[in-house]
Amino acid sequence: CFTNSLLLLMSRNNELFDRACKTIPGGVNSPVRAFRSVGGVPRFIQRAQGPYVWDAEGTQYIDYVGSWGPAILGHAHPEVIEAVQKAAVNGLSFGAPSEGEIEIAEAIAARLPSIEKVRLVSSGTEATMSAIRLARGYTSRTKIIKFEGCYHGHADSLLVKAGSGMLTFGNPTSAGVPQEFVQHTIVLDFNQPEAVKAAFAEQGNDIACIIVEPIAGNMNLVKPDPGFLETLRELCTQHGALLIFDEVMTGFRVGAQGVQGLTGVTPDITTLAKVIGGGMPVGAFGGRADIMDCVAPLGPVYQAGTLSGNPVAVAAGLVTLKLLSEPGFYDKLEQQTRKLTQGLCEHAQAAGVPFSADCVGGMFGLYFRDTVPHSFDEVSSCNINHFKQFFHGMLDQGIYFAPSAFEAGFVSSTHTDEVIEQTLAAAKKVFARCNSGRRRHNRRYLDFHACAVLDKCSNLNGGHGREIPAEHRA
């Protein structure tokens, strides 16, 4: 009977994960996708349309991951798909300049007043890595300031108490990064301006830049306290350092001009990705002309990329930015996002589950604690076990949230009232079960089988026994 139960659970997702583990480290190509922090087997997505994704078994889910932000228009928007198809017919990559690169650079500069010139790259990590190199080259200084819980890609000097997927594994640094690579990185607490003032007072002449997610999304959604970003701007100006806004996640996601448009704080350099590619791989960094003119071939700061300005990605990005410019787009997007978060809070309160939520534009955070967090430590105090129950309960109901308590969620323009209402109806049922501690019979088998598969992937404990995923400070 036990064997038969396990065989029944050998779903297509299980089979694909087992197969993937044989040739892909951990069975995934980005760590958070592995479900390690929540348990179970990741869903292998077969297709996506609007607010929905379908897994390898044909199961439909309402999607609040949205490819981690880019799918602001919903998946496979017909105008974006048409633009990609037309561009692909003319060639997938040129390795030479194209008019589309100029057009998207002009579109970005027109929307973000802080950007006079912009360089296209292929990812958010490449954008932030290049921006920091540029800041160091421009200022002739070595040290940088980042904030605990903020994630700026996997460049060596930034993997110091990094956020996002790093938090999922409870590992504050990455192996393979020599201490010498991070000795010039100063890590401070987000929303603690006094610590920043102290750092500049002690080392101001050596600090090249501050890099910050102006609204954090990689330790879950955490907004800046009033005056925090303004203090960063003042200190950088006072000490001759550059202020880098990492808007890879928030750029054109929280508003028409990103966080800088919402707050009125102007960075020296901005990094972008996700939305500006419309779902295709793309990134960018831009800023004042005098700073950007330090980039090769004009200046001494080297940066290059074979696929930078890829014509297919540029085509997708141009159409996406055009559609985002429609009057009222962001007002409607935030209205739907707020409808989701407020409804979730109401159902959690009714069920007696400690819970709070926050949102801005089409981006939201869910926290299993009574109040909205303002720092990484407060995010870390959330009830991770409740999140796991909620995640799997919603997944069983056909609702796909991020498989980590340390990730923001995303709403698209295709998340209609009907989609939000369906989500809230499911949440009402799941919250009612959160305090009960009950687990359904088949969930026990699923968790058992998932752990067996994870053991095969990681070969932990010599390949024997159940793997216990790291809880990370919870």
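Just so it is clear, the model here is predicted, and its values are computed rather than measured.
In this structure, F390 and F355 have tilted ring planes: the angle between them lies in the 30° to 60° band. In this pair, F431 and F368 present their aromatic rings tilted. The plane angle is within the 30 to 60° band.
Using modelled atom types and a 3.5 Å distance limit, the side chains of N191 and H374 yield no donor-acceptor pair. The closest side-chain donor-acceptor pair between S308 and R119, if any, does not fall under 3.5 angstrom. Side-chain contact annotation: N14 with S11, donor-acceptor N/O pair under 3.5 Å present. When only modelled atom types and interatomic distance are considered, S98 and E101 share a side-chain donor-acceptor pair under 3.5 Å. In this structure, a donor-acceptor pair under 3.5 Å is present between the side chains of Y61 and R43. Using modelled atom types and a 3.5 Å distance limit, the side chains of E378 and S381 yield no donor-acceptor pair. Defined by atom type and a distance below 3.5 Å, a donor-acceptor pair is missing between the side-chain atoms of S123 and T125.
We find that E82 and K86 are joined by a salt bridge, their nearest charged nitrogen and carboxylate oxygen being less than 4.0 Å apart. A salt bridge does not link E230 with R233: none of the charged nitrogens is closer than 4.0 Å to a carboxylate oxygen. With respect to the salt-bridge test (charged N to carboxylate O, under 4.0 angstrom), the residues D417 and K339 qualify.
In this structure, F35 has its ring center under 6.0 Å from that of F391. Between F376 and F147, the ring center distance fails the sub-6.0 Å criterion. Aromatic rings of Y151 and F406 (six-membered ring for Trp) have centroids beyond the 6.0 Å cut-off, not under it.
Note that the CZ atom of F410 and the CZ atom of F364 stand 8.5 Å from one another [nearest 0.5 Å]. One finds the CG atom of L307 at 5.0 Å from the OG atom of S93 (value rounded to the nearest 0.5 Å). Separating the CZ atom in R33 from the CZ atom in F17 is a distance of 12.5 Å, to the nearest 0.5 Å.
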Full working for side-chain hydrogen bond (donor to acceptor under 3.5 Å, both in side chains) between S130 and Q303: CA-CA 7 Å; S130 302; Q303 185 278 327; 4.5 Å; no
